[in-house]
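Every value quoted in this text rests on a predicted model; they were computed, and no experiment measured them.
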Amino acid sequence: MDRDRKNRVFHSNETTKNVYEEIAVPIINSAIQGYNGTIFAYGQTASGKTHTMMGSEDCLGVIPRAIHDIFQRIKKFPEREFLLRVSYMEIYNETITDLLCNAQKMKPLIIREDINNLVDLAGSERAAQTGAEASFDETLTTLQVNTKTRAQEMEKDQLAQLLDEKDLLQKVQDEKIQNLKRMLVTSSSIALQQELK
C-alpha cells in the first residue's frame with residue numbers, strides 16, 4: 001500500500017462503492033499479505049458513518065464488501081491458513097466502546113501493550129474465523145446483529161436525550177412566560193399606582 005497516500009474527503013454524490021474501492025481495497029490487499037489493517041470512519045453524529053460502514057439491504061457498506069472480498073481471496077489460497085479477526089468499535093468523547101459485545105458487557109476499553117509490545121484493546125470482543133472454517137455469512141451476521149442491537153440502543157438513547165432536552169426547553173419556556181407575566185403584572189401595578197397619584 002502506498003504509505004504516502006493521503007486520506008481524502010469524499011463528495012456527497014459519491015457511492016459507498018467508490019469509497020470502498022479507493023480506501024478499503026488497498027487495506028484488504030495488505031491484510032491478505034499478513035499486515036494489520038484499519039478502516040476508520042470519522043464524522044459528527046448522524047453524518048452517515050454507520051450507513052457507510054454497514055450499508056443497507058439495497059447498498060452494501062464498506063464492512064460487508066470487505067468481508068466478502070476477503071473470503072473470496074481466501075478461497076483462492078486453499079493451501080494457506082488464514083486467521084481473520086474483526087474488531088468493531090466506536091470512539092466517542094475520548095472513550096473507546098466495543099460494538100461487538102452485547103449491551104450488558106459493554107464497558108470502555110483500555111489501550112495497552114501486550115507481552116510482545118503490540119498495542120491491544122484490553123477486553124475487546126472479536127469476530128474470529130480460521131482457515132477452512134471461515135464463513136462470510138457467519139462473520140457478517142455477527143457484525144450485523146451486534147450493529148443492529150447497538151443502533152437500536154443508540155436510537156433509544158438519542159430519543160431519551162431528545163425528550164429530556166424537550167422537557168428542559170419546555171421548562172425554560174414556562175419560566176420565561178411566568179417571568180413575563182410577573183413583569184406585566186408589576187408594570188400594570190406601577191402604572192395603576194402612578195395614575196392614582
Side-chain angles (χ1 to χ4, degrees), residues 1-76 82 84-101 103 106 109 111 119 121 124-127 129 134-166 169:
M1 187 162 92
D2 180 7
R3 300 210 182 272
D4 295 327
R5 197 170 118 242
K6 304 291 184 229
N7 293 340
R8 76 175 184 92
V9 176
F10 288 84
H11 193 274
S12 62
N13 65 2
E14 293 187 77
T15 65
T16 303
K17 184 179 180 193
N18 298 127
V19 174
Y20 173 74
E21 288 174 352
E22 189 166 328
I23 300 298
V25 168
I27 294 170
I28 290 168
N29 290 338
S30 293
I32 293 296
Q33 295 171 20
Y35 296 98
N36 290 330
T38 299
I39 300 171
F40 187 88
Y42 176 81
Q44 68 187 41
T45 301
S47 62
K49 298 177 299 296
T50 301
H51 177 74
T52 299
M53 296 304 278
M54 291 306 292
S56 64
E57 289 181 23
D58 303 332
C59 175
L60 288 179
V62 170
I63 292 172
R65 288 173 190 272
I67 292 170
H68 179 266
D69 280 0
I70 288 169
F71 281 102
Q72 291 303 311
R73 292 174 193 214
I74 286 172
K75 286 179 185 176
K76 292 179 183 177
F82 289 86
L84 173 64
R85 285 192 186 128
V86 178
S87 297
Y88 187 37
M89 59 200 64
E90 164 189 79
I91 303 171
Y92 182 72
N93 284 341
E94 299 182 19
T95 301
I96 303 170
T97 305
D98 188 345
L99 299 179
L100 288 180
C101 79
M106 198 168 288
L109 299 176
I111 298 173
V119 175
L121 289 168
S124 67
E125 300 280 329
R126 290 184 178 90
Q129 300 290 335
S135 162
F136 165 72
D137 291 332
E138 288 174 20
T139 305
L140 187 57
T141 299
T142 299
L143 289 171
Q144 287 174 332
V145 166
N146 284 295
T147 300
K148 283 181 185 175
T149 302
R150 177 75 175 140
Q152 290 167 347
E153 290 170 8
M154 287 173 61
E155 286 172 4
K156 286 179 188 174
D157 289 347
Q158 288 174 344
L159 180 58
Q161 185 178 359
L162 287 172
L163 290 172
D164 287 346
E165 288 174 9
K166 179 194 154 281
L169 289 172

- Task: Could you walk me through whether Thr38 and Ile27 pass side chain to side chain contact (heavy atoms under 4.5 Å, CB included), step by step?
- Result: CA-CA 7 Å; Thr38 299; Ile27 294 170; over 6 Å; no

* To do: Could you please spell out the steps behind the side chain to side chain contact (heavy atoms under 4.5 Å, CB included) verdict for Tyr20 and Ile28?
  => CA-CA 10 Å; Tyr20 173 74; Ile28 290 168; 3.1 Å; yes

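The minimum heavy-atom distance linking Ile39 with Ala24 is given by the pair CD1-CB, 3.6 Å.
Atoms CD1 and OG1, on Ile63 and Thr16 in that order, are 11.5 Å from each other to the nearest 0.5 Å. Annotation: the span from Thr50 atom OG1 to Met53 atom CE amounts to 9.0 Å, rounded to 0.5 Å. The SG atom of Cys59 sits 5.0 Å away from the NE2 atom of His51 when rounded to the nearest 0.5 Å. Phe10 CZ to Thr52 OG1: the interatomic distance, rounded to the nearest 0.5 Å, is 10.0 Å.
Not counting sequence neighbours, the partners of Asn13 by the side-chain hydrogen bond (donor to acceptor under 3.5 Å, both in side chains) test are His11.
Side-chain N or O atoms of Arg65 include one that pairs as donor or acceptor with a backbone N or O of Leu60 at under 3.5 Å. A donor-acceptor pair under 3.5 Å is formed between the side chain of Asn18 and the backbone N or O of Thr15.
Residue pairs satisfying the salt bridge (Lys or Arg N to Asp or Glu O under 4.0 Å) criterion with at least one member in residues 34-53, sequence neighbours excluded, are absent.
In this structure, Ile91 and Phe40 have side chains that are in contact, with non-hydrogen atoms separated by less than 4.5 Å.
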